[in-house]
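As structure tokens, the structure follows; a few thoughts come after it.
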2 protein chains.
Amino acid sequence: MKKGKRTTIYDIAAKLGITASSVSRALNNSNQVNEKTKELIMKTADELNYKRNILASNLRKGQSKTIGIVVPRINQNFFANVIAGIEEATYQKGYNLIICQSGESHDKEIQCVNTLINQDVDCIVISVSADGNDYQHLQNVIDHGIQLIQFDRVAEELETLKVINDNEQASYEAVSHLIESGYKRIGLLEGPQNLSIFKQRKTGYLRALKAYNIEVIDEIIVENAWTKELGAEGTRKLLNLPQPPDAIFASTSDFSALGVLEVANAMKIKVPAELGVCGYANEGFSEITSPSITTIDQFSIYMGNTVANLYFQEKGNTDTTSKPKIISIKPELIIRGSTAKNAKS
Amino acid sequence: MKKGKRTTIYDIAAKLGITASSVSRALNNSNQVNEKTKELIMKTADELNYKRNILASNLRKGQSKTIGIVVPRINQNFFANVIAGIEEATYQKGYNLIICQSGESHDKEIQCVNTLINQDVDCIVISVSADGNDYQHLQNVIDHGIQLIQFDRVAEELETLKVINDNEQASYEAVSHLIESGYKRIGLLEGPQNLSIFKQRKTGYLRALKAYNIEVIDEIIVENAWTKELGAEGTRKLLNLPQPPDAIFASTSDFSALGVLEVANAMKIKVPAELGVCGYANEGFSEITSPSITTIDQFSIYMGNTVANLYFQEKGNTDTTSKPKIISIKPELIIRGSTAKNAKS
DNA sequence: AAAAATTACGCAATCGATTGCAATTTCAAA
DNA sequence: TTTGAAATTGCAATCGATTGCGTAATTTTT
């Protein structure tokens with residue numbers, strides 16, 4: 001085959017002395033074309049190393065069989081897994097994924113979304129970035145008639161399909177577990193409250209305290225401690241308090257829990273005996289720290305599958321009367337060494 | 001805006017009583033159109049919420065501004081980072097990424113590549129899967145006039161652009177470090193030898209032994225130990241030998257090094273005092289294990305950047321006489337606790 | 001003010017595949 | 001052999017944007 005010259009259906013048609021219409025139909029396995037001709041066309045297509053030009057096809061059909069994904073960072077375990085899950089479920093249906101990272105920047109997120117609209121994707125799957133809470137660009141997606149699915153970090157006020165974790169319940173269970181393990185003064189490292197997931201986790205924390213009749217102490221709640229560094233910083237503050245907490249729920253991530261561990265270690269405070277630690281997200285490393293970190297698994301790959309299936313399911317659905325579906329996945333508390341207060345450490 | 005009806009350049013043209021040609025030219029900022037008209041067109045385009053249909057544009061222009069990526073797994077640190085690096089460098093130039101995972105299956109890899117050819121991508125970036133060593137599908141990419149860039153795991157016999165790590169040298173340095181740290185009997189966990197990267201790492205190992213006049217002992221070289229489980233299994237075998245090694249170079253990955261650590265721990269063999277351990281790839285967790293793992297950093301994000309830049313650089317290059325470029329990145333040995341033989345553990 | 005040189009815009013073809021409708025062929029029933 | 005229905009195939013428009021070429025409008029030059 002010559003470089004830079006793809007075979008088209010016209011080439012095939014010309015070679016066989018028929019029209020492109022028939023070739024197209026044969027290639028799409030239409031039953032409007034004679035079996036023998038079909039075979040002949042297939043064979044010739046193969047010989048000529050024909051590959052359908054999807055651009056042309058999609059342009060004509062007004063679809064793209066492409067799903068756009070916008071996440072803060074591709075190389076973050078949770079997101080990479082969700083993407084892998086989406087890929088798994090869409091690939092076999094012939095869909096392609098276009099992936100963008102917003103890098104936690106609201107502006108870049110807008111850019112990404114616009115690019116995807118340009119690309120004529122059939123669906124945009126997004127987990128919003130941490131800064132900014134203006135969602136005009138997402139409304140724009142809807143206005144363009146493109147299916148929008150939010151996952152994990154969602155803009156709640158926007159009525160779209162959503163796949164979320166039941167963050168509040170997970171959080172509630174995590175804190176309950178701490179309490180039942182014998183910890184009495186539980187600090188919280190919380191994330192940016194403009195993201196609903198972090199708000200919900202805080203709510204779960206508060207609900208658990210209330211359920212066990214434990215007083216809420218503002219002093220041991222640290223705002224915006226959602227990286228390892230910020231988590232460490234918050235922990236240092238907490239542990240230097242006159243009355244330090246005897247457990248810390250790093251509700252933002254295992255990374256921040258890792259920060260807790262490091263500070264505790266540096267201060268010679270024994271985990272879990274003197275300090276209980278619970279993280280969030282079940283990052284790969286959380287089972288190999290010492291002690292291993294109690295955390296919450298979000299079933300990220302499954303979440304990706306769910307997003308994909310939700311899309312396929314809603315694709316045929318023309319019923320506009322019903323409210324858009326929200327699927328909530330129940331995360332699972334994974335109990336490990338960092339909260340085993342009574343085990344000898 | 002009405003759902004399902006995008007504005008086209010014709011809509012804009014109609015509204016202004018001009019032709020689509022001018023609109024197109026204006027939108028492309030051609031200087032063939034009057035400044036005032038241009039402004040007017042821009043404004044109208046904005047009002048009508050116009051978004052260029054890239055499918056049509058690309059079809060006409062015979063390009064796609066899209067780069068296809070095929071990796072074994074998206075949700076593997078190294079690959080996720082490379083992808084992030086590519087994204088970083090290509091996004092700002094208006095390129096999109098289509099990402100596929102081969103799942104280490106040669107068949108799926110072929111499928112992925114064909115899909116990407118169909119999609120008319122401008123370039124395919126691939127790290128080949130572990131099984132199979134038939135590269136007809138890659139030759140096919142070249143025959144279609146699509147730029148092919150291999151990275152990390154490459155098919156050596158195929159003359160394409162490549163971005164690789166100097167695995168042999170890195171491996172040589174790692175083993176030298178073990179030797180200089182006082183370890184004398186160094187076992188090797190090796191990966192599938194049909195992948196050149198693993199072959200090179202073995203070569204580096206052998207070269208180091210030779211350089212220090214150490215005899216090669218086949219007994220302490222374990223084939224195909226490239227997951228945590230296989231690494232653990234291999235380690236068990238090694239440590240139960242009459243003359244077990246006093247260090248293990250897990251040349252395949254930090255995961256397998258982790259397996260080593262676990263087995264050593266279970267057998268009450270002290271790392272690094274009684275057993276030195278070195279991994280590969282500098283996974284996030286390797287610095288937080290106890291002891292932390294000496295490993296090799298591959299500069300994965302930078303590798304992604306390099307791939308992208310190599311593409312842009314070669315795009316204009318019509319010189320076909322020269323051999324395709326191969327860029328080799330020098331990995332860095334990161335020395336940590338697991339090889340600190342003489343430090344008290 | 002007429003001629004020459006620019007500048008701005010329109011016409012129509014093109015990229016490759018798809019598809020409604022019309023035309024032709026095939027085949028069986030009458 | 002004729003007729004009608006069914007099976008094939010062809011014709012031509014279409015998806016939306018781009019671009020070479022030609023013409024009209026405007027500006028510059030003499």
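Below, chains carry the letters A, B, ... as their sequence lines are ordered, and counting in each starts from 1. What you see below is based on every heavy atom in this structure, not just the backbone, and it leaves out hydrogens, waters and symmetry mates. In this text, all values refer to a predicted model and were calculated from it rather than measured experimentally.
To the nearest angstrom, P of C:dG16 lies 15 Å from NZ of B:Lys61. The distance from atom CG of A:Asn58 to atom C1' of D:dG16 is 13 Å, rounded to the nearest whole Å. The interatomic distance linking A:Leu40 (CG) with D:dT9 (P) rounds to 10 Å, in whole Å. Put simply, CG on B:Asn28 is 16 Å from C1' on C:dC9, counting in whole angstrom units. Whole-Å rounding puts the B:Ile117 CD1 to C:dG16 P distance at 16 Å. Rounded to whole angstrom, the span from the CZ atom of B:Arg60 across to the P atom of D:dT19 amounts to 6 Å. With rounding to whole Å, A:Tyr50 atom OH is found 10 Å from C:dG16 atom P. Rounded to whole Å, the distance from CG on A:Asn31 to P on D:dA6 is 14 Å.
Regarding contacts with the backbone of D:dT18, a side-chain N or O of B:Arg52 is found under 4.0 angstrom from either OP1 or OP2. Checking the phosphate oxygens (OP1, OP2) of C:dA17, no side-chain nitrogen or oxygen of A:Ser24 falls inside 4.0 Å. Contact annotation: A:Ser22 side-chain N/O to D:dG10 OP1/OP2 distance is under 4.0 Å.
Side chain of A:Arg25, nearest nucleotide from D:dG10, C:dC9, C:dA17: D:dG10. Side chain of A:Thr37, nearest nucleotide from C:dA17, D:dG16, D:dT9: D:dT9. In the set D:dA17, D:dG10, C:dG16, the nucleotide with an atom closest to the side chain of A:Asn53 is C:dG16.
No side-chain heavy atom of B:Thr66 sits under 4.5 Å from any side-chain heavy atom of B:Leu97.
Both the sub-6.0 Å distance and the 45° axial angle are satisfied by A:Lys108 relative to the ring of B:Tyr91. Under the 6.0 Å distance and 45° angle rule, B:Lys93 counts as a cation-pi partner of B:Phe312.
A donor-acceptor contact under 3.5 Å links the side chain of A:Ser21 to the base of D:dC11.
Ranked by how close their nearest DNA chain C nucleotide is to the 5' end, B:Gly17 and A:Leu27 are led by B:Gly17. A residue-by-residue look at A:Tyr10 and A:Ala20 shows that A:Ala20 has its nearest nucleotide of DNA chain D further toward the 5' end.
When only modelled atom types and interatomic distance are considered, A:Asp120 and A:Asn58 share no side-chain donor-acceptor pair under 3.5 Å.
Aromatic rings of B:Phe78 and B:Phe299 (six-membered ring for Trp) have centroids beyond the 6.0 Å cut-off, not under it.
Residue-level contact check: A:Leu55 touches neither bases nor backbone, having no heavy atom under 4.0 Å from any strand. Contact annotation for A:Ile18: backbone-only contact, meaning every heavy-atom pair under 4.0 Å involves sugar-phosphate atoms and none involves a base.
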